[in-house]
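The structure appears below as structure tokens.
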Amino acid sequence: MEAASNALLGEFFARCPDPLFVASADGALLRGSDALRQAVGAAALDGARLPELAHPDDREALSAAWSRVLGADAPVSFSVRLRDAGGAYQRMTCSARRSSDGGAVFGSLRAAPEVAPGLAGEELKALRLKARLLDEMAEHMDSIAVWSLDGEGVFTYHRGKGLAKSGLKPGQFLGSSVFELHAREPESAAEMRRLYDGEVRRFRSESHGVHWDNWIIPLRDQPGERAHGLLGVSVDVSESRLVENELRIQLDQIAAQQKVIRDLSTPIIEVWDGVLTLPMVGTVDSVRTAEVMDSLLSQIVEKRASFAILDLTGVEVVDTKVASHLIELITAIRLLGADGIVAGIKPTVAQTMVALGLDLSQLNTQRNLRAALNYAIRSMSRAKGASPGAPPAPRPSPNESA
């Protein structure tokens, strides 16, 4: 009976169409099917170790995957490039499971669906060149990480020097299911499944203090169909993010400094009890005039001022919008019960204000700041000297000079 069982097992390995193997815990091939010998050569029957058959760049990833096989009771799938009978490396998908006592591993290999059958020589050459370019890019560019998933969510590519910045090793997730990795995060797993039916997605994330600009690209043969895989590319943008933050801080500082400069260039001074003066110097634009209007009207109410003097001695030019704002400011001052006085208007400014065609007959103007102060003080003195029942004393002419 035992002899019959051994014969049947031998025939199974000889005639099974799939590359099957039994390996020791350290990866040495103990037995393989004839299909395995055809796939990887006679070395499969000479006690070769799988890491020796793997591409040098894939050996570290194979070691990590093998550790997962030995540590789990469920089957584990992973992708690896193995040397074939002709000495060339072919990407294979391996599905393996440890024995009940942990002393052996049972597995099968199948060719990864990388190249469509019947591909012409030049097309195959171009495809291999693209694969090599991708490998070289991932291997030598410090700031990127590249990965891909098949239709079942299994990692088929996981490389890039940028992985180290997130505490990962190249190939660490090869053969692992992204859904198993997110098993404790149902929302993340569900989002990954939705990506197969979605469009190209771009987003930023942060991991281990590194800022990433991520692209996730569904891979489809035909538009509109469900993706048969996903391609992910992550670029380390920590340096540019740092520059953006520094630039934002500088812009905030500049804005604060400009506000201080504007406040210093248009100080509201209480030169006399109930008399405010606002000396304006330099270029007067619409923004600055609007800020002056808000500040001056607030000060008039707060200090209960009777007069507000706008000193334009240091202003050479104003545009038509600013001139109109000044007229509006004087009107607003009067509505608050105070008297607005414009002092020191230059000829060029006067021409601009006249050109507006506005009614300037009620505008109280004085030759200079001294004349404006004299007018305000005399007006207040006359108001105080008037008896309670007597008619008010006549006010001096608005354009009277000192």
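Heads up: numbering here begins at 1 and tracks the sequence.
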Using atom types as modelled, flag every donor-acceptor pair under 3.5 Å from a side chain in residues 16-30 to any protein atom, sequence neighbours excluded.
{"residue": "S24", "atom": "OG", "partner": "D26", "partner atom": "OD1", "Å": "2.2"}
{"residue": "S24", "atom": "OG", "partner": "A28", "partner atom": "N", "Å": "3.2"}
{"residue": "D26", "atom": "OD1", "partner": "A28", "partner atom": "N", "Å": "3.3"}

Just do the salt bridge (charged side-chain N to carboxylate O under 4.0 Å, His left out) check on E191 and R201 with the steps written out, would you? CA-CA 12 Å; E191 176 63 22; R201 183 182 173 196; 2.8 Å; yes
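- A heavy-atom distance below 4.5 Å is not found between the side chains of Q90 and V40.
- In this structure, CG on L8 lies 11.5 Å from CZ on F13, to the nearest 0.5 angstrom.
- Between I269 and L276, the closest side-chain pair of non-hydrogen atoms is not below 4.5 Å.
- Looking at L231 and V146, their side chains come closer than 4.5 Å, going by heavy atoms from C-beta outward.
- R59 contributes a side-chain N or O that, together with a main-chain N or O of A54, makes up a donor-acceptor pair within less than 3.5 Å.
- When atom types are taken as modelled, the side chain of K346 and the backbone of T313 share a donor-acceptor pair closer than 3.5 angstrom.
- When K161, R204, K165, R241 are each tested for a salt bridge (Lys or Arg N to Asp or Glu O under 4.0 Å) with D236, only one passes: K165.
- Contact check for L82 versus V80: side-chain heavy atoms found under the 4.5 Å cut-off.
- The two residues L109 and C94 make their nearest non-hydrogen contact at CD2-CB, 3.5 Å.
- Between H158 and L163 the shortest side-chain heavy-atom distance falls below 4.5 Å.
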Pair up each side-chain donor or acceptor in residues 298-308 with any protein partner under 3.5 Å, not counting sequence neighbours, and list the distances.
{"residue": "S298", "atom": "OG", "partner": "D294", "partner atom": "O", "Å": "2.9"}

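- Taking the centre and axis of the six-membered ring of F106, the NZ or CZ atom of R97 falls outside the cone set by 45° and 6.0 Å.
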* To do: Walk me through it: do N374 and Q366 pass the test side-chain contact (heavy atoms from CB on, under 4.5 Å)?
  => CA-CA 10 Å; N374 192 11; Q366 298 295 327; over 6 Å; no
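- For the atom pair CG of D311 and CD1 of I309, the computed distance is 8.5 Å after rounding to the nearest 0.5 Å.
- Of the inter-residue distances, the one linking S95 atom OG with F78 atom CZ reads 8.5 Å to the nearest 0.5 angstrom.
- M380 and W272 make their closest contact through CE-CD1, 3.5 Å (heavy atoms, listed as atom of the first residue, atom of the second, distance).
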Check the pair I216, V200 against side-chain contact (heavy atoms from CB on, under 4.5 Å), reporting the backbone distance first and the verdict last.
-> CA-CA 6 Å; I216 298 183; V200 175; over 6 Å; no
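- Here the side chains of I333 and D339 are not in contact, with every heavy-atom distance at 4.5 Å or above.
- For R226, the CZ atom is densely surrounded, since the number of other residues' heavy atoms within 6.0 Å is greater than 12.
- D213 contributes no side-chain N or O that, together with a main-chain N or O of V237, makes up a donor-acceptor pair within less than 3.5 Å.
- Atom CZ of F173 is separated from atom OG of S79 by 15.5 Å, given to the nearest 0.5 angstrom.
- At least one donor-acceptor pair under 3.5 Å links the side chain of R220 to the backbone N or O of E225.
- Looking at M192 and L230, their side chains come closer than 4.5 Å, going by heavy atoms from C-beta outward.
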message = Let's go through R370 and L373 carefully: what are the C-alpha distance in whole Å and the side-chain angles of both, what is the deciding distance for side-chain contact (heavy atoms from CB on, under 4.5 Å) to 0.1 Å, and is it a yes or a no?
response = CA-CA 5 Å; R370 178 179 178 181; L373 288 172; 5.9 Å; no
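- R334 and N364 get closest at one heavy-atom pair: NH2-N, 4.2 Å.
- Between atom CG of residue L168 and atom CZ of residue R159 there is a gap of 15.0 Å, rounded to the nearest 0.5 Å.
- Of the charged side-chain nitrogens involved, none lies within less than 4.0 Å of a carboxylate oxygen, so that R15 and D34 do not count as a salt-bridged pair.
- Residue E206 qualifies as enclosed at atom CD: its count of foreign heavy atoms under 6.0 Å is above 12.
- No donor-acceptor distance shorter than 3.5 angstrom exists from the side chain of H228 to the backbone of G151, with no hydrogens or angles considered.
- The minimum heavy-atom distance between F155 and W147, with the atom names listed, is CE2-CB, 4.0 Å.
- Side-chain contact annotation: D150 with T156, donor-acceptor N/O pair under 3.5 Å absent.
- Shown here is D57, whose CG atom has more than 12 heavy atoms of other residues, nucleotides or ligands within 6.0 Å.
- Under the side-chain hydrogen bond (donor to acceptor under 3.5 Å, both in side chains) criterion, T348 pairs with no residue, sequence neighbours left out.
- Nearest heavy atom pair, residue S238 against residue H211, reads OG-N, 2.9 Å.
- With contacts defined as side-chain heavy-atom distances shorter than 4.5 Å, the pair L329/L296 qualifies.
- Salt bridge R68/E180: absent, no basic N to carboxylate O contact under 4.0 Å.
- Within the 3.5 Å criterion, the main-chain N or O of A72 finds a donor-acceptor partner in the side chain of R98.
- Atoms CD1 and CG, from I345 and L310 in turn, are 9.5 Å apart once rounded to the nearest 0.5 Å.
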inquiry  = Using side-chain contact (heavy atoms from CB on, under 4.5 Å), reason through V154 and S176 one step at a time and then give a plain yes or no.
reply    = CA-CA 5 Å; V154 175; S176 300; over 6 Å; no
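- A pairwise comparison of heavy atoms in I330 and I341 identifies CD1-N, 4.4 Å as the closest pair.
- A donor-acceptor pair is defined here as one N or O able to donate and one able to accept, closer than 3.5 Å; no such pair exists between the side chain of S234 and the backbone of N214.
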